[in-house]
Amino acid sequence: MPLTVDMKVLLKNKISLLFLWLAISTSLLGQTNSDVQLANQLFSSGNYLKSSEIYSNLYKKYKSTNYYQKLLDCFIALDQMKAAEKLIKKHSKRYANNITVSIDFGHIYSLTGEEKKATKIFDEVLERLNANKQYVSIVAKKFTKYNHLELAIKSYEIGLQDPSKNTYRYPLARIYGQLNDLKMMYETYIELVVNNRGYIQNVKNIMGRTISKDRENENNLLLKQVLIEKVQTSNESSVNELLIWLFIQEKNFEGAFDQEKSMDQRFDLNQKKIYDLAAICKKNKAFDIAGKCYDYIIKIGAESTYYLDAQLAAVKVKKDMLESGTNITRDDWLDLEENYTKLLKELGKTSQTLLLVRDLAEIQAFRLHHIDQASKTLNDIQLIASARTEDLALCKLLQADIQLLKNEIWDAILSYSQVIKAYKNDVLGHEAKFRRAKISYYQGDFEWAQAQLDVLKKSTSKLIANNAMELSLLIQDNLNLDTTTTTMEIFSRSELLIYQNKLNEAYTTLDTIVIDYQGHSLVDEALYKQYKIKITQGKLNDASELLDQIITYFSYDILADDAKFAKAQLLEKHFKKFDLASELYREIITDHQDSFYVSESRKRYRILRGE
């Protein structure tokens, strides 16, 4: 039916009224929001009086529970208990069955010293909660808000009578933390994880803030006790995982390994956790425990998914151990060479064992100085099919290193250049470019080397960037102060001789700087290089005397703290002169506060002093 003129007018008027109503509502809502924001700001800044005036108007107008609570908070902050009680009574008439309003009454009575009234109300609240557990969360939160923490605990305990309400343990544990009841806090968090392992990472993060790396720390001991007790009474893997996590935080890798081994056998975990732990141990230089992890997997045999990987990693970790160890003998490296050779004979030379072949060649070249044998080992790689190009590039780098070792300079440059070209924007290419720049440095072409190092300072590899920066600074600091490059050329030549294991020749070359260029800035660097040569040769008394020269004559130079720390280590670990070592550690702490060695010196000083 078509609209008449009167109907059209009526419809138009209704639409106009609707838009007017919407405009007015929007305006009022905007004003209300503005008032709420102002009241919140005033409350946050401590201006409770002004805030209470705004909330009072808002409550009168809207009778909202939210505005009621805000106004009540203002009255409590202003210590206006009569006004607070009056407000609660007024609000309770409107919300007679609201259980949290009863808590408000009890809290006011508690604040005014009427403990009997408060206790009576709180007991009634808990009785109501027992009868109707759906209000557990809001009641517990209200008790927590008013700092009635014991009552909040009772509220959550009522809720936990329902096994499906495991989530209550999360806020409950926090409350135990607020009460400094760490034992109950730990136990509650553990129960939370036992019932839902989805919380395990959050719980680790929280517990991590309460413990330290010191396994004798009071909190560490408590958490360990709670976890061990739970492990003994529970078959839950999540509890074991938390205990292993704690051991790792304390760097107690032996304990972590024992626990992981027990878990692997109990829960048939296919050695994954053991293998992962080995990687953590390697990262933390706990090579002995990493080796135990791999040996455990190897003993299980080919039925383990990680059998081959463990075999490869086991010899690699032995290599890492020797490289980082002290008092390592040639026999140790010969034994390791035999291990590599035996394993390669067993596994064959394949794409999977290619890097094992590379490591063997490196040992032969740089540790045993069987350079021709190393070259032959490396040549065998050419017979391996389907090798990854990156692995082959790593082998090419080692080939170049060996060529440099044999003083085949141009061949080495060519090999490095091939890797640079193939991996121009990759870390492998950057590493090749750094080694190529070092050849220019060895040859005395400092300007070209410096140009390459300036580029490499921006490498995405932190190690390469730092190495480039270190060599660049060495060139800058010692070249720009000299009218000729003679001294720098002598020093760089000595570094090449050291690289080629021509240690006596290198020592004599460095003597030229120490004797003939006594005022040069490289003298302390030369002495430090000579100290390292003597350490390599096992001549500790000579090494100690060289450090004394640096400490005596270059006490304010850049290597002073290095020399003092090295001397302290010799005194402590080899000469057993603990008082002298302690004094040097103290000097590093007091006189070289920006030194890299301060933290370790402080630790060693306290140990030697029996603190």
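For the single chain, residues carry numbers from 1 onward in sequence order.
A salt bridge is defined here as a Lys NZ or Arg NE, NH1 or NH2 lying under 4.0 Å from an Asp or Glu carboxylate O, and D295 with K299 fails to meet this definition. Checked for salt-bridge contact, E362 and R367 miss the test: no charged N lies under 4.0 Å from a carboxylate O. We find that K230 and E236 are not joined by a salt bridge, their nearest charged nitrogen and carboxylate oxygen being 4.0 Å or further apart. Using a cutoff of 4.0 Å between basic side-chain nitrogens and carboxylate oxygens, K564 and E587 are scored as salt-bridged. Taking a cutoff of 4.0 Å between a charged side-chain nitrogen and a carboxylate oxygen, K319 and E323 qualify as a salt bridge. One finds a salt bridge joining K272 and D276 here, because a Lys/Arg side-chain nitrogen approaches an Asp/Glu carboxylate oxygen to under 4.0 Å.
Using a 4.5 Å heavy-atom threshold, the side chains of H430 and I420 count as separate. With a 4.5 Å cut-off on side-chain heavy atoms, I244 and M263 count as touching. Contact annotation: the side chain of F366 approaches that of L405 to within less than 4.5 Å [non-hydrogen atoms, C-beta and beyond].
No donor-acceptor contact under 3.5 angstrom links the side chains of Q201 and K204, judged on distance only. When only modelled atom types and interatomic distance are considered, Y585 and E572 share a side-chain donor-acceptor pair under 3.5 Å. For the 3.5 Å distance criterion, the side chains of Y597 and D562 qualify, holding a donor opposite an acceptor.
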Determine, stepwise, if the pair T210 / N219 fulfils side chain to side chain donor-acceptor pair (under 3.5 Å).
-> CA-CA 7 Å; T210 70; N219 290 356; 4.9 Å; no

Carefully, step by step, assess E583 and R586 under the rule salt bridge (charged side-chain N to carboxylate O under 4.0 Å, His left out).
-> CA-CA 5 Å; E583 179 59 25; R586 186 195 64 76; 2.5 Å; yes

D401 and Y416: side chain to side chain donor-acceptor pair (under 3.5 Å), yes or no, with the steps?
-> CA-CA 9 Å; D401 294 342; Y416 287 136; 2.4 Å; yes

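Y199 has its ring centre less than 6.0 Å from the ring centre of Y170.
Side chain of R330 to backbone of L368: a donor-acceptor contact under 3.5 angstrom is found. Within the 3.5 Å criterion, the main-chain N or O of I248 finds no donor-acceptor partner in the side chain of N252. Listed for the N284 side chain is a donor-acceptor partner under 3.5 Å among the backbone atoms of I280.
If you take CE on M207 and OH on Y189, they are separated by 8.0 Å, rounding to the nearest 0.5 Å. Atom NZ of residue K534 and atom CG of residue D542 lie 5.0 Å apart, to the nearest 0.5 angstrom.
Of the options Q249, E250, R215, a side chain to side chain donor-acceptor pair (under 3.5 Å) to N220 is made by E250 and by none of the others. Screening E337, H369, K376 against Q364 for a side chain to side chain donor-acceptor pair (under 3.5 Å) leaves a single residue, E337.
Residues forming a ring pair (Phe, Tyr, Trp, His ring centres under 6.0 Å) with F434 (at least two apart in sequence, or on another chain): none. Listed by chain and number, the residues in a ring pair (Phe, Tyr, Trp, His ring centres under 6.0 Å) with Y423 amount to none (sequence neighbours excluded).
Residue pairs meeting the salt bridge (charged side-chain N to carboxylate O under 4.0 Å, His left out) criterion with at least one member in residues 418-428: none, sequence neighbours excluded.
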